[in-house]
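Keep in mind that the numbers below use all heavy atoms, side chains included, and drop hydrogens, waters and symmetry copies.
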Amino acid sequence: MGLLYKSTRSSRTAAASEAILKGLSEDGGLFVPERIPALDKTPRELGKMSYREVAYEVMKLYLTDFTEEELKSCIAGAYDEKFDTEAVAPLVEAEGVWFLELFHGKTIAFKDMALSILPYLMITAAKKNHVEKEIVILTATSGDTGKAAMAGFADVPGTKIIVFYPKNGVSSIQERQMVTQKGGNVKVVGIHGNFDDAQTGVKKLFSDRELEQELARAGYQFSSANSINIGRLVPQIVYYVYAYARLLSEGRIGDGEQINVTVPTGNFGNILAAYYAKQMGLPIGKLICASNENRVLFDFFSTGEYDKNREFILTSSPSMDILISSNLERLIYHISGDDAETTARLMEQLSVKGHYEITEEMRERLSDFYGGYAGEQETFEKIRSLYEDTGYVIDTHTAVAASVYDRYREETGDRTPAVIASTASPFKFARSVMTAIDPGYAEADWDDLSLTDELSRIANVEVPEAVKELRSAPVLHTTECEKDEMEAVVRQFLKL
């Protein structure tokens, strides 16, 4: 029986390929599987497989209207030489925990893990659904999604991609990666606002029915590369299953032994993927949700109230500088008993009032989660201490997670084996990382690309190709706009 997808806000359903193409339901809801499928291979069996083979075993359970040939073709096209390691997502042990390195793809951030395959899934889905319109990928980014999406969709026939990012809210290397992106179907726009402004603007464009009709007449349809797209979320489940299987096959854990998973979290998609892996039967204990100083998720798990009415703080972990965690809506739906009416009401409260509060019964269903946060000082101290103790260098987002995990272990005494999602290469945030290791670099007259060379020297790790190629890459995108001008920019790009 094929697995259908429901909207979190109504009774609308769609097949997997249709949900991937749409990105967002017409009612503004997010697509969720009508049931979480159980793994049909044991972790011991999965431990004998390559990353690509594990990807197929997981994704076949969710994308049931894709044939075996179609899905294996998508996987083969995604997880190839674009990744600089055969393992795709290697595990590195440091200080008694395992760092799951998710940054070995083309743009050195974890978004590559899903965005390398999304274009293949989307084009296959378009053919399956006899879509003749050109697909316009509309994406808001806090720094990493945009580049990874553009790298995936650049010059893919039948698609265009428009990326909005906060002009002063990303690292200089993140920005340079985006504004140097090649591709005749690519548009990059810096908005004068924060990520939430960009994300809200994109959602508004998706929900504009008149614009949708105008696009259709012009031969276009919107879709999304953000983690609101189920085609982004499903591939992220894979690496948690793969990590557990590898630890088991290497004798690091025993059959059935639980692991805890810590994830640096902004839009909530990455940790939601770990939650889905647990629901599939993977032996995961606690899901440790790590926030930076924009601690909206920490407060939610502490109080049951989600409140975005607060100061927006720019931090050294910009991909987590988010006050509206879109994927939390999927979790709200599940802990409400898959109640679309309740979910829609809470999301309306968030839209109108900026906050909502869940019931005590719903809070009880959050027992799998632990929320924590780390400030800037703690983040920098973690980078420095880990480097001094082990020689291993992590980026700022991973340091937030590692710091929160340390506090969790101190508070609870829980010594369950732990995996920390390492979501970006330290080279992507070289200035912050080098400043953490030696505050003297904060005052040094070095540009960010020169700092990557210094980071390479002290970490004894080669500068990634994604950074090397920025040295001579010309700036191709200079468009900026106000947050209320996003529709005008889209219209101009599409010549509407």
Lys60 and Glu57 ion-paired at < 4.0 Å: yes
Exam field: side chain Asn129 to backbone Ala125, donor-acceptor pair closer than 3.5 Å: yes
Under 3.5 Å: donor-acceptor pair, side chain of Thr159, backbone of Val136: no
Audit row: His397, Phe429, ring pair (Phe, Tyr, Trp, His ring centres under 6.0 Å) steps and yes/no: CA-CA 9 Å; His397 304 74; Phe429 304 93; 4.7 Å; yes
Contact summary for Ser171 and Pro318, nearest pair of heavy atoms: N-CG, 4.2 Å
Between Asn327 and Arg330, a side-chain donor and acceptor under 3.5 Å: yes
Asn229 and Ser224 side chains, donor-acceptor separation under 3.5 Å: no
Check ion pair Glu329-Arg9 (N to O, under 4.0 angstrom): yes
Check: Ala89 main-chain N/O paired with Glu101 side-chain donor or acceptor under 3.5 Å: no
Worked check of side chain to side chain donor-acceptor pair (under 3.5 Å) between Ser17 and Asp65: CA-CA 7 Å; Ser17 61; Asp65 65 333; 2.5 Å; yes
Test item: Gln492 side-chain N/O and Val489 main-chain N/O as donor-acceptor pair under 3.5 Å: no
Check ion pair Lys204-Glu487 (N to O, under 4.0 angstrom): no
Lys/Arg-Asp/Glu bridge criterion (N-O < 4.0 Å) met for Lys48, Glu53: no
From OG1 (Thr398) to CZ (Phe103), nearest 0.5 Å: 7.0 Å
Heavy-atom donor-acceptor pair, Arg176 side chain to Ala473 backbone, under 3.5 Å: yes
Side-chain donor-acceptor pair present, Asp144, Gln174, cut-off under 3.5 Å: yes
Of all pairs that satisfy ring pair (Phe, Tyr, Trp, His ring centres under 6.0 Å), the ones with a partner from residues 150-205, not counting sequence neighbours: none
Whether His355 side chain and Leu350 backbone form a donor-acceptor pair below 3.5 Å: no
Glu26 with Arg209: basic N within carboxylate O range, under 4.0 Å: no
Exercise: identify the closest heavy-atom pair between Thr145 and Thr141: N-OG1, 3.3 Å
Sub-6.0 Å ring centroid separation between Phe31 and Tyr5: no
Ring centres under 6.0 angstrom apart (His104, Tyr51): no
Check: Glu45 main-chain N/O paired with Thr42 side-chain donor or acceptor under 3.5 Å: yes
Test item: Thr265 side-chain N/O and Ser291 main-chain N/O as donor-acceptor pair under 3.5 Å: no
Check: Ser325 and Tyr306 side chains under 4.5 Å, non-hydrogen atoms: yes
Whether over 12 other heavy atoms sit under 6.0 Å from Lys128 NZ: yes
Residue Lys106 excluded, over 12 heavy atoms near NZ under 6.0 Å: no
Arg52/Glu86 ion pair, N-O < 4.0 Å: yes
Exercise: do Gln177 and Thr107 side chains pair donor with acceptor under 3.5 Å: no
Lys72 to Tyr56, cation-pi by 6.0 Å centre distance and 45° axis angle: yes
Geometric cation-pi criterion Lys160 and Tyr220, 6.0 Å radius, 45° cone: no
Backbone N/O of Leu3 and side chain of Thr64: donor-acceptor pair under 3.5 Å: yes
salt_bridge(Glu357, Arg363) N-O dist < 4.0 Å: no
Side-chain ion pair, Asp338 and Lys6, N-O less than 4.0 Å: no
Test: Lys428 and Asp395 ion pair at under 4.0 Å: no
Main-chain N/O of Met113 paired with Ser116 side-chain donor or acceptor, under 3.5 Å: no
Residues Asn309, Asp307; criterion side chain to side chain donor-acceptor pair (under 3.5 Å); working and verdict: CA-CA 5 Å; Asn309 299 318; Asp307 188 354; 3.2 Å; yes
Side chain to side chain contact (heavy atoms under 4.5 Å, CB included) between Asn294 and Ile322, worked out: CA-CA 7 Å; Asn294 292 288; Ile322 294 172; over 6 Å; no
Whether over 12 other heavy atoms sit under 6.0 Å from Lys133 NZ: no
Parallel, tilted or perpendicular, as decided by the 30° and 60° cut-offs, for the rings of Phe301 and Phe369: parallel
Test item: Phe222 and Val202 side chains (from C-beta on) under 4.5 Å apart, heavy atoms: no
Near-ring test Tyr240/Tyr244, centroid separation under 6.0 angstrom: no
Glu341 atom CD: more than 12 heavy-atom contacts under 6.0 Å: no
